Amino acid sequence: LMPIWIAGVIVFAGVLLIGLARLRWLASQSEIDVDGDGALVALVREIAHARGVRRPIALLRNDRTRLLVTWGHFRPRVMLPAAAADWPEERLRVVISHELAHVRRGDWGTQLAAEFLRALFWFNPLVWIACRRLRAESELACDDEVLNDGIEGADYAGHLLDLARMLNTPRHGYLSASAP
């Protein structure tokens, strides 16, 4: 059984390391967002100050992906899709508030530790369930923080639905034949 367990650890740890390498590659392909008037950077600083986040936040924008992701503990990074330049200020405020809630809570480190544990205990379905619940609860906690800042629930839900439509459009790159 030991060789099977080791093979599983190698596979799942490899998947995790590939994901981390992909984040690093995407960050290297992104530009640090310092827009002309600095309004977005000022918004990030304002929200970070209000949330008690003292670490500097690197704001990245990438036109190669539709990812909206936050990672890093000591040097947190928030990656926005290129379309974020066209978002209204209220949507930017909601998104940045949510992502900085992840930074304040230290979610990235917790999620990373959970994923390493899942790689070690890949054979245990309870660990898989716990990791999935941890991610879901993390998202709900950050949603609650945004709602506690005074954003109306209906407005927040509208922004989430619009973002889901925008960021989750199907990609046809994996099709064996070109789409009509």
Side-chain angles (χ1 to χ4, degrees), residues 15-51 53 55-112 115 132 134-147 149 151-175 178-179:
V15 168
L16 180 59
L17 292 174
I18 288 169
L20 292 172
R22 182 171 184 250
L23 276 178
R24 188 176 184 110
W25 179 80
L26 282 171
S28 73
Q29 301 297 311
S30 301
E31 60 185 56
I32 297 176
D33 195 347
V34 185
D35 55 347
D37 61 359
L40 187 55
V41 173
L43 179 65
V44 170
R45 285 186 185 138
E46 171 194 332
I47 295 170
H49 180 68
R51 292 232 177 270
V53 176
R55 295 168 296 213
I57 307 295
L59 189 60
L60 306 172
R61 197 176 307 184
N62 192 319
D63 59 355
R64 295 175 185 230
T65 183
R66 292 187 186 116
L67 279 179
L68 174 57
V69 63
T70 299
W71 76 95
H73 182 73
F74 298 110
R75 294 180 3 198
R77 294 169 183 84
V78 176
M79 182 179 296
L80 300 172
D86 301 326
W87 293 351
E89 182 182 344
E90 184 181 1
R91 177 165 299 150
L92 283 169
R93 182 172 291 280
V94 163
V95 167
I96 298 297
S97 292
H98 180 93
E99 298 305 319
L100 291 185
H102 283 297
V103 171
R104 187 195 63 73
R105 291 170 34 86
D107 286 343
W108 189 77
T110 304
Q111 295 290 340
L112 192 60
E115 291 300 319
R132 188 177 322 118
L134 181 65
R135 277 192 305 276
E137 291 298 326
S138 169
E139 290 302 321
L140 290 174
C142 292
D143 290 342
D144 286 346
E145 282 197 31
V146 173
L147 291 171
D149 283 346
I151 303 292
E152 289 295 320
D155 293 339
Y156 188 60
H159 287 299
L160 290 179
L161 286 173
D162 288 343
L163 287 169
R165 284 186 197 114
M166 229 184 311
L167 301 177
N168 290 327
T169 57
R171 290 180 268 165
H172 300 290
Y174 302 111
L175 297 176
S178 62

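These numbers come from a predicted model, not from an experiment.
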Going by the rule side-chain hydrogen bond (donor to acceptor under 3.5 Å, both in side chains), which residues pair with [X] if we only count those two or more places apart in sequence or in a different chain?
X	answer
R55	none
D143	H98, Y156
E46	R93
R77	none

Search all heavy atoms of [X] against all heavy atoms of [Y] and return the closest pair with its distance.
X	Y	result
N62	L26	ND2-O, 3.2 Å
E99	V69	OE1-C, 4.1 Å
V146	V94	CG2-O, 4.1 Å

Measure the spacing between [atom1] of [X] and [atom2] of [Y] and express it to the nearest 0.5 Å.
X	Y	atom1	atom2	value
T110	H73	OG1	NE2	9.0 Å
E115	L17	CD	CG	11.5 Å
S30	R61	OG	CZ	10.5 Å
W71	H102	CH2	NE2	13.5 Å
I47	R104	CD1	CZ	14.0 Å
L67	L60	CG	CG	11.5 Å

Handout entry: By salt bridge (Lys or Arg N to Asp or Glu O under 4.0 Å) - contacts of E90 (at least two apart)
Key = none
Side-chain touch [X]/[Y], heavy atoms, less than 4.5 angstrom:
X	Y	value
W87	H159	no
I57	L100	yes
Q111	L134	yes
L167	P81	yes
S138	R105	yes
V44	V78	no

Exercise for the section: Would you check, one step at a time, whether the test side-chain contact (heavy atoms from CB on, under 4.5 Å) holds for L163 with R91? Expected result: CA-CA 9 Å; L163 287 169; R91 177 165 299 150; 3.9 Å; yes
Exercise for the section: Taking side chain to side chain contact (heavy atoms under 4.5 Å, CB included) as the test, write out the residues that go with D149, two or more places apart. Expected result: R51, S97
Practice task
Decide if atom CZ of R45 counts as having more than 12 heavy atoms of other residues, nucleotides or ligands within a radius under 6.0 Å.
Solution key: no
Exercise for the section: Could you walk me through whether L59 and I96 pass the side-chain contact (heavy atoms from CB on, under 4.5 Å) test, one step at a time? Expected result: CA-CA 10 Å; L59 189 60; I96 298 297; 4.2 Å; yes
